[in-house]
Amino acid sequence: HRDLHLCDRRQRQMCIRDRYQRRVRDFSALFSIMSSTVVRRVANNPFHTTLYNMIFRNTATLTAFVIGGAFVGEMVVDSAINSAWNVSNRGRRWRDVLDDRKAKGLPAFDPEEDPDAPY
């Protein structure tokens, strides 16, 4: 009885192992087919070839491109956020208050120029 039980366990373990290996083999085959298709498409595209030769071929060039892209991206996002903030706070910004004071004939007060002003 015990030997039969061990035999069943071994058989089950082998089935699980074979099933896993079959899935890995199938995935590997699918991945190799997909990657070869992508490589063929990219290799035949002159834009991708030029991009690879100019940027991705050399590690130093790629690093400089990534760092430069990060700086440019940061400036774009910063500019967009500042513009959105200015649009949503129009009329409540300090420069708008100064423009209103000038339009009403009141003296333009700048706290940096005269911090002891009474107004």
Side-chain angles (χ1 to χ4, degrees):
H1 180 319
R2 184 175 185 193
D3 292 337
L4 183 62
H5 177 67
L6 291 176
C7 182
D8 287 343
R9 283 186 61 207
R10 282 193 198 110
Q11 183 66 33
R12 185 172 185 280
Q13 289 171 347
M14 288 173 42
C15 286
I16 292 171
R17 184 200 63 201
D18 292 344
R19 184 175 23 181
Y20 173 75
Q21 288 177 348
R22 190 170 42 246
R23 285 182 183 164
V24 168
R25 189 177 54 244
D26 292 346
F27 178 75
S28 297
L30 177 65
F31 183 74
S32 68
I33 290 169
M34 288 173 50
S35 63
S36 66
T37 303
V38 169
V39 167
R40 267 187 269 121
R41 286 183 183 172
V42 168
N44 294 333
N45 189 333
F47 173 73
H48 291 137
T49 305
T50 305
L51 185 67
Y52 172 77
N53 287 333
M54 291 179 65
I55 297 172
F56 299 113
R57 190 174 195 177
N58 187 350
T59 304
T61 308
L62 177 62
T63 304
F65 180 77
V66 168
I67 291 172
F71 280 117
V72 169
E74 187 271 334
M75 288 190 302
V76 167
V77 168
D78 187 45
S79 175
I81 289 174
N82 281 338
S83 296
W85 189 87
N86 286 334
V87 166
S88 67
N89 290 304
R90 187 167 288 145
R92 294 177 287 197
R93 298 174 298 175
W94 179 246
R95 73 182 107 175
D96 296 333
V97 172
L98 285 178
D99 291 342
D100 289 345
R101 289 180 65 87
K102 287 179 185 176
K104 293 176 183 175
L106 298 172
F109 167 68
D110 189 358
E112 294 176 0
E113 292 177 5
D114 189 8
D116 298 326
Y119 25 62

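These numbers come from a predicted model, not from an experiment.
To the nearest 0.5 Å, the span separating OH on Tyr52 from CG on Asn58 amounts to 9.5 Å. Here OG1 of Thr61 is found 11.0 Å from CG of Asn53. Values are rounded to the nearest 0.5 Å. The CG atom of Leu62 sits 10.0 Å away from atom CD1 of Ile67, with the distance rounded to the nearest 0.5 Å.
Asn86 and Arg95 make their closest contact through OD1-NH2, 4.0 Å (heavy atoms, listed as atom of the first residue, atom of the second, distance).
For Arg92, the side chain to side chain donor-acceptor pair (under 3.5 Å) partners at least two apart in sequence or on another chain are Asn89.
A distance-only check finds no donor-acceptor pair linking the side chain of Ser79 to the backbone of Met75 [under 3.5 Å].
Taken together through direct or relayed side-chain contacts under 4.5 Å among Ile, Leu, Val, Met, Phe, Trp and Tyr, Phe56 and Phe47 form part of one hydrophobic cluster. If you chain together hydrophobic residues whose side chains sit under 4.5 Å apart, Val66 and Phe71 never meet in one group.
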